[in-house]
Protein chains: 2
Amino acid sequence: MLSERQSMILNAIVDDYIRSAEPVGSRSISKRGDVAFSPATIRNEMADLEELGFLEQPHTSAGRIPSNKGYRYYVDHLAPLNPLKAEDLKLFKQLAAENLNAVEEVIQHAGTILATMTNYTSILLGPEMFNTSLRHFQLLPLSETTAVAIIVTSTGEVENKTVTIPEGVSASDMEVMANLLNAKLAGVPMHKLKARLYSEIGQEIQRHADHYEKLMQLLDDALAAGKDQKVFLSGTTNMLIQPEFKDIGKLKTVLDLLEETPTLTRLLNSEHKGIQVRIGSENVHQAFVNCSLITATYSLEGESFGTIGILGPTRMEYAKVIGTLDLLSRAMSRALTGRYGA
Amino acid sequence: MLSERQSMILNAIVDDYIRSAEPVGSRSISKRGDVAFSPATIRNEMADLEELGFLEQPHTSAGRIPSNKGYRYYVDHLAPLNPLKAEDLKLFKQLAAENLNAVEEVIQHAGTILATMTNYTSILLGPEMFNTSLRHFQLLPLSETTAVAIIVTSTGEVENKTVTIPEGVSASDMEVMANLLNAKLAGVPMHKLKARLYSEIGQEIQRHADHYEKLMQLLDDALAAGKDQKVFLSGTTNMLIQPEFKDIGKLKTVLDLLEETPTLTRLLNSEHKGIQVRIGSENVHQAFVNCSLITATYSLEGESFGTIGILGPTRMEYAKVIGTLDLLSRAMSRALTGRYGA
DNA sequence: GTTTAGCACTCATTTGAATAGAGTGCTAAC
DNA sequence: GTTAGCACTCTATTCAAATGAGTGCTAAAC
């Protein structure tokens with residue numbers, strides 16, 4: 001599609017612009033050394049590249065900046081595989097070395113590392129329901145009318161929910177039920193729990209107790225605990241140091257969205273495995289038009305488990321971020337499989 | 001200390017400045033109606049007030065703005081008790097009406113209401129250890145080497161921590177210990193747990209098991225769960241709409257601090273009960289010099305339980321915020337005592 | 001004695017014109 | 001095909017002048 005030379009020039013422009021955040025002109029490209037043509041020649045090519053939609057010009061007498069299409073070409077064809085620096089690798093080692101017992105600690109820590117290394121905002125999604133199973137269930141009365149339901153998953157996540165005890169249900173009823181659930185449903189994948197509750201436990205309860213309706217309602221409610229994926233953010237304030245967000249209005253749009261956990265979950269989840277890059281308007285959400293979101297999935301024993309992502313301006317260090325995400329997602333998969341694999 | 005008229009003028013200036021964020025001049029005060037003097041007279045008083053340290057002048061030809069001392073006088077002597085608007089009261093009703101079972105839900109919800117009503121940032125501190133007791137303890141093996149410790153408090157909070165199982169300790173050992181803890185320590189205040197662990201459980205364990213050291217270490221570790229107070233933030237992006245934070249540098253200082261949970265906990269906690277106002281440099285932390293922090297405590301059966309606070313610029317709507325915090329802290333105390341009181 | 005009108009003065013902000021500078025597009029020469 | 005040269009465009013900077021809000025002081029009025 002693009003000639004060799006056009007590619008080189010596009011590459012040089014994106015590269016320069018990522019570094020400087022300033023429109024780049026033909027002169028500076030010519031002086032870089034890797035494109036040994038005169039400014040005039042480069043100008044001609046730049047005009048072509050603009051016509052093709054890879055570049056934009058803020059105004060007639062300014063240099064060019066990459067368009068979304070330009071960035072897209074850059075990441076698809078040009079972005080160099082970026083070997084990480086030694087100091088960065090050190091941080092990874094920490095992740096493996098530190099004695100992090102809980103999955104959530106691993107995720108949280110990985111998020112911090114990501115944000116620190118890249119100077120962008122990291123967004124990590126915890127385990128999906130699909131890939132954990134029930135380890136233990138407990139129903140503990142708190143008062144006459146309320147009880148707390150506790151669910152422990154196969155990965156050691158503990159979720160809880162306070163529920164209202166229906167009229168006429170006794171503490172011993174609840175104990176019986178909890179025991180029943182543990183006996184029948186331990187090891188069942190979380191996303192199948194509700195279905196199994198009705199198919200397997202329903203009859204049993206009918207046999208044991210009078211308040212079938214109420215009890216099922218209670219259990220149904222209790223099992224809702226831990227249904228939503230958790231979101232871990234780190235480095236949100238890194239957004240502030242990006243020159244593209246010196247405009248507080250734009251900044252607020254993005255930061256506001258970062259507070260909306262459900263929306264974030266939706267935006268980060270995708271069937272796509274591996275690395276995914278969404279540039280500017282490729283993001284569905286309006287608030288992210290000036291941003292790029294790069295995500296990777298991590299897994300437990302080969303099963304996709306959660307997502308890690310980096311949010312930054314479209315003028316983002318793609319090579320570095322992609323490299324980092326790739327390595328970190330692998331490191332997380334290893335760390336998790338090492339601990340919770342069969 | 002101040003004459004009647006000086007007070008009136010100071011009040012008018014603070015009032016105006018809170019509304020406009022612009023230095024206020026003698027003319028506009030004179031035209032307000034509540035201070036029926038000519039601009040010249042008011043100018044004289046303003047000069048005096050400046051000399052006394054209640055006002056500041058950005059430059060010679062600008063109006064005056066309140067100094068920290070000025071704000072302080074305003075909140076101590078002048079701030080009117082602000083009756084809440086009907087729409088605001090409606091939000092409070094919601095807090096009572098909604099069926100919020102868990103303490104954390106109540107707190108979270110209260111935080112959102114606070115931020116929405118005031119357009120500032122709300123910071124809420126969860127229950128202090130001192131005021132909850134142990135309801136239930138559990139130790140659940142996850143793998144050969146790890147187990148998850150679960151603590152349920154008297155208020156239904158569920159905390160968990162993944163711990164490493166010391167060599168040679170069996171699943172049945174752990175079960176015995178958990179039972180022992182529940183039998184001996186249920187109802188003991190959280191902050192006394194560790195002490196009681198050694199004084200009461202220590203001997204028992206010595207009798208039952210060989211691995212005294214290791215077991216005590218394990219339990220000690222497990223009981224660390226839920227030790228720190230949780231922090232709930234809401235409306236952090238409201239900080240962005242304040243004109244005093246149009247300077248991204250200042251903004252970042254504040255937002256960065258908001259991410260530091262332990263520091264926040266420290267800043268919000270104070271022995272002081274009831275409403276507390278910290279204006280500008282009265283805040284210990286450097287990052288808050290341009291901010292005011294207003295806090296109130298809420299309680300469970302009269303025992304101080306946690307803290308709710310509002311962070312905004314020193315140019316803050318003190319009357320409204322103080323009124324809101326006062327009402328909301330009472331509402332929370334009522335809501336909690338109603339649910340978890342004896 | 002207190003209050004206020006009047007006025008000169010200060011200083012940040014706005015305005016507009018001139019200038020500088022970066023970069024382009026085009027043409028003609030190499 | 002490449003490049004030097006140059007006119008042109010447009011932004012950003014600079015600087016002076018004008019604007020205007022607000023003050024402090026003085027002297028007159030109450």
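Chain naming here is simple, since letters A, B, ... match the order of the sequence lines and numbering starts at 1 in each. Just so it is clear, the values below take in all heavy atoms, side chains as well, and ignore hydrogens, waters and symmetry mates.
- For the pair A:L55 CG and C:dG23 C1', the interatomic distance rounds to 14 Å; values are reported in whole Å.
- Partner of B:S26 under the side chain to side chain donor-acceptor pair (under 3.5 Å) criterion, out of B:R43, B:E45, B:K31, B:R64: B:R43 alone.
- Side-chain contact, A:T118 with A:E317: no donor N or O sits under 3.5 Å from an acceptor N or O.
- Between the CD atom of B:E4 and the C1' atom of C:dT2 there is a distance of 17 Å, given to the nearest Å.
- Scanning residues 57-66 of chain A for heavy-atom distances under 4.0 Å to DNA chain C yields A:Q57, A:T60, A:S61, A:A62, A:G63, A:R64.
- When rounded to the nearest whole Å, the span between CD of A:E51 and C1' of C:dT24 equals 15 Å.
- Surrounding CZ of A:R32 are more than 12 heavy atoms belonging to other residues, nucleotides or ligands, all under 6.0 Å away.
- Remark: B:R27 CZ is loosely packed, at most 12 non-hydrogen atoms of other residues, nucleotides or ligands lying under 6.0 Å away.
- At the phosphate of C:dA5, neither OP1 nor OP2 sits under 4.0 Å from any side-chain N or O atom of B:R27.
- For DNA chain C, the residues of residues 29-50 of chain B within the heavy-atom distance limit of 4.0 Å (strictly under) are B:F37, B:S38, B:A40, B:T41, B:R43, B:N44, sorted by number.
- In this structure, A:L258 and A:L233 approach most closely via the heavy-atom pair O-CD1, 3.3 Å.
- Ring geometry for B:Y71 versus B:Y318: interplanar angle of 30 to 60°, hence tilted.
- Of all non-hydrogen atoms in B:Y73 and B:L10, the two that sit nearest each other are CD2-CD2, 3.6 Å.
- For A:Y74, the ring-ring contact (aromatic ring centres under 6.0 Å, His included) criterion is met by no residue, not counting sequence neighbours.
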